[in-house]
Amino acid sequence: MLDKETFHPLNYIKKEEYSGSMDGMRYMLGRVQSGEEDVIKVTVWPEPLGLYHTPEQMQSMTEVPLTQEGVEQAADWINEQYETRKEYWLENLHKPWTEA
């Protein structure tokens with residue numbers, strides 16, 4: 001689970017994509033344009049493949065404000081995605097990429 005007290009990638013996200021994983025679930029946060037404002041696009045997907053090699057139907061996404069509060073919302077959403085689909089993520093934890 002992501003700890004909002006120590007999860008502070010906002011300055012990084014403003015320049016680069018930020019990615020990580022936890023027990024079979026991978027996630028990425030990146031700055032994108034939504035209308036006329038910048039937001040953080042948050043994506044989760046199952047291991048073993050990287051985001052750009054994972055079929056879109058296996059990805060879940062949301063957008064949050066490009067602020068520290070938005071980062072906290074992103075952490076909450078990622079944690080919720082992990083908890084509500086924990087068995088799914090764990091099934092993919094040690095899956096070889098050749099089986100994906």
Side-chain angles (χ1 to χ4, degrees):
M1 299 293 287
L2 297 178
D3 180 359
K4 291 191 296 188
E5 298 298 318
T6 59
F7 188 66
H8 299 286
L10 181 60
N11 287 331
Y12 189 88
I13 295 167
K14 288 180 178 179
K15 298 176 181 132
E16 299 288 335
E17 293 176 327
Y18 181 88
S19 64
S21 66
M22 63 174 130
D23 296 330
M25 181 185 79
R26 294 187 177 184
Y27 58 87
M28 181 175 293
L29 293 85
R31 179 182 181 175
V32 297
Q33 192 84 24
S34 179
E36 292 189 20
E37 64 181 282
D38 287 341
V39 297
I40 301 170
K41 179 179 177 182
V42 187
T43 309
V44 297
W45 70 96
E47 290 189 5
L49 300 177
L51 177 62
Y52 302 113
H53 293 283
T54 300
E56 198 168 309
Q57 65 268 22
M58 296 175 71
Q59 302 173 23
S60 297
M61 296 168 240
T62 192
E63 292 180 355
V64 296
L66 184 63
T67 62
Q68 186 55 45
E69 292 78 21
V71 170
E72 291 174 10
Q73 291 172 16
D76 286 339
W77 184 80
I78 291 169
N79 288 336
E80 177 185 318
Q81 292 298 306
Y82 180 75
E83 284 299 316
T84 59
R85 297 165 43 189
K86 192 171 190 173
E87 288 181 30
Y88 174 68
W89 305 122
L90 292 174
E91 287 174 12
N92 292 288
L93 182 57
H94 297 293
K95 187 184 241 182
W97 66 270
T98 55
E99 293 180 17

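As the structure is a computational prediction, the values presented were derived from the model and not from experiment. For this chain, numbers begin at 1 and follow the sequence in order.
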Under a 4.5 Å cut-off applied to non-hydrogen side-chain atoms, are [X] and [Y] in contact?
X: Q81; Y: V42; answer: no
X: M25; Y: K86; answer: no
X: L90; Y: Y82; answer: yes
X: R26; Y: L51; answer: no
X: N79; Y: M22; answer: yes
X: V64; Y: V71; answer: no
X: Q73; Y: P65; answer: yes
X: M58; Y: P46; answer: yes

Say whether S60 and R85, considering side chains only, have a donor N or O and an acceptor N or O under 3.5 Å apart. yes
Shared hydrophobic cluster for M61 and L29 (ILVMFWY, side-chain gaps under 4.5 Å): no
When you group the ILVMFWY residues by side-chain heavy-atom contacts below 4.5 Å and let the links chain together, are M28 and I13 in the same group?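 Cluster IDs for I13 and M28 differ.
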Look at atom CD of Q57 and say whether more than 12 heavy atoms of other residues, nucleotides or ligands are closer to it than 6.0 Å. yes
Q) Counting only heavy atoms not in E5, do more than 12 fall under 6.0 Å of its CD? A)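 Open.
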